[in-house]
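Since the structure comes first, as C-alpha cells, the remarks are kept for the end.
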Amino acid sequence: MRAAVIASGGRYEISEVPDPSPGPGELLLRVTACGFCGSDVKARAAMPAGEIMGHEFGGEVVGIGPETTGWREGTQVAVLPALSCGRCEWCASGRVIHCPQVRLVGLGGSGGGFAELAVVTAAAAIPLAPGIDPLYSALVEPFAVGLHIARTGHLTEGDDVLVVGAGTVGLTTIAWARQRGARRITAVDPVAIRRSAAASFGATEVVGSVEEVAAGTYSFVAECAGRASLLDACVTVARPGGRIVMAGVTIEPTPFASVAALMKEVSVGFAVYYTPEEFRTVVDAFAGGQIDPEPLIARWVGLSEVNEAFDDLANVTASAKILLRP
Ligand SMILES: [Zn+2]
Ligand SMILES: [Zn+2]
C-alpha cells in the first residue's frame with residue numbers, strides 16, 4: 001500500500017510499504033478519509049522514522065481477522081483511535097483512554113490513517129449509520145472531542161457558554177453548545193478566520209481576547225487553546241458555581257490563584273479523548289441532522305500533498321479541517 005511515513009525532521013515521505021494484516025479481533029480498513037490535527041503538528045517531530053500517523057479517520061472494512069465475529073466486508077466505520085484491552089474496568093466504563101494497555105492509533109501505538117490501509121481492533125471501529133457520507137467518517141473524532149467536553153462540564157440548555165480558542169476543538173464544542181440549547185455562546189480567538197468560523201458554527205458573539213469579555217458572567221467555560229495562563233482567566237469570567245473544562249494541551253506549568261475559584265465555588269474539570277458511546281452519539285447526530293459536519297471541512301488533499309497540508313496547518317491558513325483522501 002501507499003502511505004505517508006515519517007522521514008527525518010517531522011517530514012513525510014510517500015512510500016510503498018507492506019499491507020498490514022488483521023490479527024485476532026481486528027479489522028482491515030481501506031481508509032476513506034483522514035483529518036490533519038493540531039496534535040499531529042506538535043507530535044510529528046517526536047515520532048520515529050517509518051511511523052504512519054493520522055488519528056482522525058474512517059474506512060471501509062475490507063478484511064476480517066480470525067476470531068472477529070459479527071462483521072462483514074463493505075461496512076463503513078469511524079475509528080476511535082485508542083485501541084484498548086476490552087477487559088479492564090476502564091474499558092468496561094467506556095473510558096478507554098485510561099486502559100493500562102491502550103495504544104494510540106497514529107500517535108506511536110499503532111499505524112494510522114495517512115495510508116491506504118489500516119488495521120484496528122473491532123471494538124474501536126464504530127459503524128456509520130446508513131445514509132452518512134463515508135467521507136464524514138473522519139469528522140466523527142473531532143466532534144466526539146467537543147461532545148466529551150460538553151459532557152464533562154454538564155453543558156445544558158440555558159447555559160451561558162464561553163469557548164476560548166476556535167480551532168477544531170473549540171468549533172466542535174460550539175456546535176454541541178448550540179445543539180444542547182445554550183443561551184449565549186461567546187468564542188474567543190485572536191485569529192480573524194477562526195472567529196468567523198466560530199460565528200458560522202453558532203457562536204452568538206466573537207471576540208479577540210478573553211480580557212474583552214465581562215467577568216463573572218459564564219456558567220460554562222471551555223479552554224480549548226492550550227495556554228497555561230488561561231485557567232485564571234477562565235475563573236475570572238465564570239460566575240459563581242460555574243463549570244470550567246480544561247481541554248487545551250500545554251506542557252507549561254499553569255499558574256492558578258485558587259482563592260478566586262474558591263470564593264466562586266467553581267468546578268474545574270479536564271477532558272481528553274472520548275468514549276465509544278460518544279462516538280455513537282456523534283454518528284447518530286450526523287444521521288439525524290442535529291450536527292452538520294460539512295462546515296468543518298476546509299479542503300481535501302491526496303497523499304502526495306501531506307507535507308503542504310502540514311505547512312498550512314502550522315501556519316493557521318485554514319480555519320477548519322484539511323482532510324486526506326488516500
Ligand atoms: Zn486530533
Ligand atoms: Zn482495558
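Below, each value reflects all heavy atoms present in this structure, side chains not excepted, and no hydrogens, waters or symmetry copies. Each ligand, and each atom within it, is numbered from 1 in the order the structure gives. For this chain, numbers begin at 1 and follow the sequence in order.
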Identify whether the distance between the nearest side-chain nitrogen and carboxylate oxygen of Asp19 and Arg30 falls below 4.0 Å. no
When you compare the side chains of Ser209 and Glu211, does any donor N or O come within less than 3.5 Å of an acceptor on the partner? yes
Carboxylate-amine/guanidinium proximity below 4.0 Å for Arg299 and Glu305: no
Can you give the angle His55 NE2 - the Zn ion (ligand 1) - Glu56 OE2, rounded to 10°? 110°
Vertex the Zn ion (ligand 2), arms to Cys99 SG and Cys88 SG, rounded to 10°: 110°
Using modelled atom types and a 3.5 Å cut-off, is there a donor and acceptor pairing between side-chain atoms of Lys264 and backbone atoms of Val235? yes
Vertex the Zn ion (ligand 2): angle to SG of Cys85 and SG of Cys91, to 10°? 110°
